[in-house]
Structures are given as C-alpha cells and as structure tokens.
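As the structure is a computational prediction, the values presented were derived from the model and not from experiment. Throughout, protein chains are lettered first and strands after them, A, B, ... in sequence-line order, and every chain is numbered starting at 1.
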There are 2 protein chains.
Amino acid sequence: MNTKDRILDEALTLFSLQGVKGTSVKDIAGAVGIKDSSLYKHFKSKREIFDTIVAKMHERIGEMSNELGMSDEEGGRLAADFCGHLSLDELKKLVRKTFLFYLEDDFMARFWRVANMEQYRSPEVYDVYHRLFMEESIAYQTKLFSEMIEGGYLKAIDPAILAVDFYAFIFFLLDKYNGRPDEKDEALAVLDRQVEEFYRVYHA
Amino acid sequence: MNTKDRILDEALTLFSLQGVKGTSVKDIAGAVGIKDSSLYKHFKSKREIFDTIVAKMHERIGEMSNELGMSDEEGGRLAADFCGHLSLDELKKLVRKTFLFYLEDDFMARFWRVANMEQYRSPEVYDVYHRLFMEESIAYQTKLFSEMIEGGYLKAIDPAILAVDFYAFIFFLLDKYNGRPDEKDEALAVLDRQVEEFYRVYHA
DNA sequence: GTCTATAGTTAGATAGAC
DNA sequence: GTCTATCTAACTATAGAC
C-alpha cells in the first residue's frame, strides 16, 4: 500500500472515530508515520482527502452492486432469476450478504459512520447518504418485490409497503450494530428472525 | 427568554447544522448577539454548553414519556388500558404523536441530528442515542405488544419480533425526514400506510 | 518524498474596564 | 453582564533544504 492510499485509509479511520472537523492533518500524518507537511505532497488540502474518500465510496458501491447483482443493467434479470427459486434460506443468505457488506466491509463500515456524521455539514454527503442508503435501497427492494409478486412468489401486497417494511429493519440493525463487532452474532440472529417472519407472512 | 437559555437555543441550532466541532463559541455568541467573551459569564466552557444541552434532553424525554404515557410507573397500566379499546385509528394516532414529537419538537428534532453526529465522539451521547432511540424504544414496544397479545388484540407472534418490525420503520422514517419540514405530509402518509399494513397483518 | 521552519488564521478562554 | 484587549494553543498550508 503506497503512502497516498495509506493516508486515505488512516484518514477514513480517524474521520469515522472523531469526525472530519475533529481530525487534524497532523493526526492523519501521525497515523501514517510522516510529518503533516509531507502529507501536502500527496494531497493539496484536507478537503481533497475527504473528497477522494467520497469518490472512492462511489466506486466501492458500484463494485458491491455488481457483486450482489444490483446493477442497473442486470438488476431486473437477476431479480427475476432469483424469483425462480425463492426459498427462505436463499432470502436469508442474500440479506446476510448485503448486511455484512455494510457492517464489515473495510471501507463501508467506516464510511457509514462518516456519512452519518457529515451529512448535515456536507450537501454532497447528505445526498449520498439519503439517496444510496435510503431512496435507492427502497427503490431496489420495491422493484425486487414487485417482480416476486408478478412471479407468484410473494403475496400481492403493494411492493412499496413491503420494501419499507423489509429494508427498515435492515437499516435499523445496521445503524445499531455498526462498530460493534463483538455483537455480530446477535445482530445476525435478530436479522434472520426478522427475515423469517417477513417470509412467513408474505411468502405466497 | 433569558440570555443563558438563548445561548443554549442558538448553540443547539448551530450544533445541529454544523456539528459541535464545526461551531465556534464566536458563532454561538454572534447568533445570540453578544461577544464571545461575554458568553463565558454564563458558561465556563463550550463543553459546559454541550453538557447542559444533553442534560436538557434527558429532561425533555422524561416530559415526553409522561405526555405519551410511557413512564415507568404508568407504562404498563396505560398500555393495558389502551389495549382495551385498540382500533386502527387509535394506533395511527399514537404513532403519529410519537413520530411528530421527534420530527417537529423544537428541541428533539435538533437534538436527534446532534446525537447522530456526536455519537461516535462522545460515549455519553452514544449511550443516549442507542439506549433511548434504540434499546428502550424496542423494549417499550415489546412490552406493549406483549400485553396486547395477552389481551387478545394482536396475533400471538413473538412480541420482540413485532417490536423490531414496528419500530424499525418509524426509526427509518424519522432519520429520513428529519430536517425536511416540506415533506412532512409525505412522511405521515408513508407512516400511516406502514401502520395500516402492520395492523392488517397482526390484528387479531 | 521527507524533513524543519514558519506564516497566517482561528480557536477556546481570561483579565479588567465600565 | 457586556465590552475591548489579549493570551495561548492548535490548525491549515507553504517554502525551501536535503
């Protein structure tokens, strides 16, 4: 890992623990093991470090979407495929994968916290946080459930209602268990329990 | 409103918009209309202002609990009374009241944001945020649903599962619509819709 | 690409006049 | 209780030697 990437990595860690304003360039440089003045050979300002992290988050989300089959081009098709053999275990597995991505991914777990802290101070972060973690997630779930209903795998309830019901507890648990690796098993147990109940009620 | 209270009020507003670290004593004093040095006649430090706000939050939550009949002494009894004549409209009304308290209460809407921002930097705020907005809320809902089930007003599903399912979408919507007064009607419409679906599925 | 040194600014906080 | 003046410390950022 080169110095530039190490700066970004340490900055993200410190930002997620102390906030952006609460983290000085000296703190970041110190964590990397260089002097604060040296850091300016890699980034022209603290702001540029933060902006680079936000840009990297967009990349990482794109990768994750592909990994989970949530990309724009393939989302519909994969969802349809998924519908073809929906079982409780598969649903639990998909939810666990998404959940653990946000909870444990080296980058995302820290970024989730930074986004939470900085959303009110940065319109760009507010947009990312609300669009990505709320609107788009709900939109994706709505689309998925809509197709599942069409395929006869879920009861015919308004998919938008199902989406909020389903995504809200994932969001709540992510917010609750972020930064608490010791309670991961508890988090997954609660998650599974809620998915099971959802399946029990809405599976056709 | 005396100067001391005006300082607290302006500080909370600025904290909720810029974060605690992002708000200087000069900013607060300026908003009140005095010099920063004068502010120190009322509070001995910026930290003391913040701590006072946290203390006030505890008071306000106590008042709210009493207003909504969620206090420790009366919670059980009121919940039982409430069970006695449960209707969809009453459930919607109770949820709306709680929801609007957090969304629109002069103090709480701003404090919600501050708590969100400062939770990782202040163990005390982390505790308040997670205990009050998560654990205790879930515990209250669990107790309420437990009694409703005993009274035969809800289907006999594990009340802890119902509590997470029910509270999670309230929490999600609070986080989503905080600071967006223009979209209040939309927020309430979504809220009602989710409550209706919950009632439809679980009402005995 | 790292260092030392330093400029320029702003922060939190105090002293003392009125 | 408010002001002006001031202190000290910390912060962002730059210049220039190696």
Side-chain angles (χ1 to χ4, degrees), chain A residues 1-56 110-111 113-115 117-125, chain B residues 1-56 110-111 113-115 117-125:
Chain A
M1 209 172 187
N2 63 31
T3 306
K4 190 159 185 168
D5 287 336
R6 277 170 55 226
I7 290 170
L8 291 172
D9 191 58
E10 296 293 351
L12 180 56
T13 298
L14 290 168
F15 288 166
S16 76
L17 295 170
Q18 309 174 340
V20 174
K21 264 277 182 184
T23 301
S24 70
V25 174
K26 224 185 183 79
D27 290 336
I28 302 167
V32 173
I34 58 175
K35 293 291 175 184
D36 50 344
S37 55
S38 304
L39 188 146
Y40 287 93
K41 296 288 179 183
H42 302 277
F43 296 93
K44 74 172 208 290
S45 67
K46 181 181 169 183
R47 173 72 206 222
E48 196 183 68
I49 296 174
F50 178 70
D51 289 344
T52 306
I53 288 172
V54 174
K56 273 198 177 288
R110 286 176 291 168
F111 189 82
R113 290 157 75 107
V114 176
M117 279 189 268
E118 299 303 319
Q119 59 174 318
Y120 307 114
R121 289 173 16 87
S122 159
E124 193 193 354
V125 172
Chain B
M1 209 173 187
N2 63 30
T3 306
K4 191 160 184 168
D5 288 336
R6 276 168 57 225
I7 290 170
L8 291 172
D9 191 58
E10 296 293 350
L12 180 57
T13 298
L14 289 168
F15 288 167
S16 75
L17 295 171
Q18 308 174 342
V20 174
K21 264 277 182 185
T23 301
S24 69
V25 175
K26 225 185 181 78
D27 290 337
I28 302 167
V32 173
I34 58 176
K35 293 291 175 185
D36 50 343
S37 56
S38 305
L39 187 146
Y40 287 92
K41 296 287 178 183
H42 302 278
F43 296 93
K44 75 172 205 293
S45 66
K46 181 181 169 182
R47 174 71 206 223
E48 196 182 67
I49 297 174
F50 179 70
D51 290 344
T52 306
I53 287 173
V54 173
K56 272 196 178 287
R110 286 176 291 169
F111 189 82
R113 291 156 75 106
V114 175
M117 279 189 268
E118 299 303 318
Q119 60 174 319
Y120 307 113
R121 291 174 14 89
S122 160
E124 193 194 354
V125 171

Exercise: identify the closest heavy-atom pair between Ile34(B) and Thr3(B): CD1-CG2, 4.4 Å
- prompt: Which part of the nucleic acid, if any, lies within reach of Ser38(A) when heavy atoms closer than 4.0 Å are counted: base, sugar-phosphate only, or nothing?
  reply: base
- prompt: When all nucleic acid strands are considered with a 4.0 Å heavy-atom cut-off, which category describes Ser37(B): base, sugar-phosphate, or nothing?
  reply: base
message: Taking 4.0 Å as the cut-off, does a side-chain nitrogen or oxygen of Ser45(A) come that near to OP1 or OP2 on dT14(D)?
response: no
message: Keeping Glu118(A) on the side-chain end and Val125(A) on the backbone end, is there a donor-acceptor pair under 3.5 Å?
response: no
field: Exam field: side chain Arg110(B) to backbone Ser16(B), donor-acceptor pair closer than 3.5 Å
entry: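 Here the side-chain-to-backbone pair does not exist.
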Whole angstrom value for the distance that separates [atom2] of [N] from [atom1] of [X]:
X: Ile28(B); N: dT2(D); atom1: CD1; atom2: C1'; value: 17 Å
X: Lys4(B); N: dT2(D); atom1: NZ; atom2: C1'; value: 17 Å
X: Phe50(A); N: dA13(D); atom1: CZ; atom2: P; value: 14 Å
X: Lys35(A); N: dC3(C); atom1: NZ; atom2: P; value: 7 Å
X: Leu39(A); N: dA15(D); atom1: CG; atom2: P; value: 16 Å
X: Lys26(B); N: dC3(D); atom1: NZ; atom2: P; value: 12 Å
X: Arg47(B); N: dA11(C); atom1: CZ; atom2: P; value: 20 Å
X: Tyr40(B); N: dT2(D); atom1: OH; atom2: C1'; value: 15 Å

query: Salt bridge check: are Asp27(A) and Lys46(A) linked by an N-O gap of less than 4.0 Å?
result: no
field: Nucleotide of dC3(C), dA13(D), dA11(C) approaching Asp36(A) most closely (side-chain heavy atoms)
entry: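 The listed nucleotide nearest to Asp36(A)'s side chain is dA13(D).
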message: Quick check on DNA chain D: between Lys41(A) and Asp27(A), whose nearest nucleotide comes earlier from the 5' end?
response: Asp27(A)
